[in-house]
Undergrad: 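After the structure tokens below, expect a handful of questions from me.
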Amino acid sequence: QLQLVESGGGLVQPGGSLRLSCVASGFPLDYYTIGWFRQAPGRAREGVSSINSDDYATYYADSVKGRFTVSRDNANNTAYLQMNDLKPEDTAVYFCAADDSVYGLGPRGLNEPEYDYWGQGTQVTVSS
């Protein structure tokens, strides 16, 4: 029932910024924990950030703390990932995901198997 549509990826120089958007349809976004994941070629998919459905608590991978910020606007059924001070190692396909548990996932929000719905992915390339 829930569908996720991502946008905002692209090519940026090291030190640059991008904001990824994830727009949900089919069900109110406030019922879902939202997670952001990324996958580089030849590497496993990793959790980047998540935001709870109930208390808006946020969680980040150590590699992006201080540079990335996750947020949500339930009234517009949209979640965001603000990416600052981008590095070449941030290059990956980024995915938005949603979990419909009654309560927010909390620290489990960075674990891929927890999520029920996924966006199509958007490419982020950080290069000179």
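Predicted, not measured: the structure shown is a model, and the values here were computed from it. Atom set for the values below is all heavy atoms of this structure, side chains included, hydrogens, waters and symmetry mates excluded.
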Undergrad: What residue among T91, L11, L18 forms side chain to side chain contact (heavy atoms under 4.5 Å, CB included) with V126?
TA: T91

Undergrad: So, the side chain of N52 versus the backbone of G106: is there a donor-acceptor pair under 3.5 Å, distance only?
TA: yes

Undergrad: What heavy-atom pair brings Q120 and L4 nearest, and what distance separates the two atoms?
TA: OE1-O, 3.7 Å

Undergrad: L81 and L29: same hydrophobic cluster, using ILVMFWY side-chain contacts below 4.5 Å?
TA: yes

Undergrad: What residues form a side chain to side chain contact (heavy atoms under 4.5 Å, CB included) with Y31, not counting sequence neighbours?
TA: F27, P28

Undergrad: According to salt bridge (charged side-chain N to carboxylate O under 4.0 Å, His left out), does anything in residues 24-38 pair up with another residue at least two apart or in another chain? List the pairs.
TA: R38-E46, R38-D90

Undergrad: Quick one: side chain to side chain donor-acceptor pair (under 3.5 Å) pairs with a partner in residues 10-24, sequence neighbours left out?
TA: S17-N84

Undergrad: Who are the side chain to side chain contact (heavy atoms under 4.5 Å, CB included) partners of V93, not counting sequence neighbours?
TA: F95, Q123

Undergrad: Per the salt bridge (charged side-chain N to carboxylate O under 4.0 Å, His left out) rule, what does the pair list look like for residues 104-116, sequence neighbours excluded?
TA: R45-E112, R108-E114

Undergrad: Is Y94 reachable from V12 through a run of I, L, V, M, F, W or Y residues, each pair having side-chain heavy atoms under 4.5 Å apart?
TA: yes

Undergrad: Restricting to pairs with a member in residues 98-128, which pass disulfide (SG to SG under 2.5 Å), not counting sequence neighbours?
TA: none

Undergrad: Which residue pairs satisfy the ring-ring contact (aromatic ring centres under 6.0 Å, His included) criterion with at least one member in residues 34-56, sequence neighbours excluded?
TA: F37-Y115, F37-W118

Undergrad: Taking the six-membered ring for Trp, are Y32 and Y117 parallel (under 30°), tilted (30 to 60°) or perpendicular (over 60°)?
TA: perpendicular

Undergrad: With disulfide (SG to SG under 2.5 Å) as the rule and sequence neighbours excluded, what pairs involving residues 11-80 come up?
TA: C22-C96

Undergrad: List in chain and number order the residues that pass side chain to side chain contact (heavy atoms under 4.5 Å, CB included) with D62, two or more places apart in sequence or in another chain; answer none if no residue qualifies.
TA: K65

Undergrad: Please answer whether the main-chain N or O of I34 pairs with a side-chain N or O of S50 as donor and acceptor at a distance below 3.5 Å.
TA: no

Undergrad: So, taking the atom named CE in M83 and the one named OG1 in T69, what distance separates them when rounded to the nearest 0.5 Å?
TA: 11.0 Å

Undergrad: Mind checking what makes side chain to side chain donor-acceptor pair (under 3.5 Å) contact with S101, not counting sequence neighbours?
TA: D99

Undergrad: Is the shortest side-chain heavy-atom distance between L2 and D100 below 4.5 Å?
TA: no

Undergrad: Using the side chain to side chain contact (heavy atoms under 4.5 Å, CB included) criterion, which residues pair with T58? Sequence neighbours excluded.
TA: I51, Y60, V70

Undergrad: Sequence neighbours left out, what pairs pass disulfide (SG to SG under 2.5 Å) with at least one residue falling in residues 99-128?
TA: none

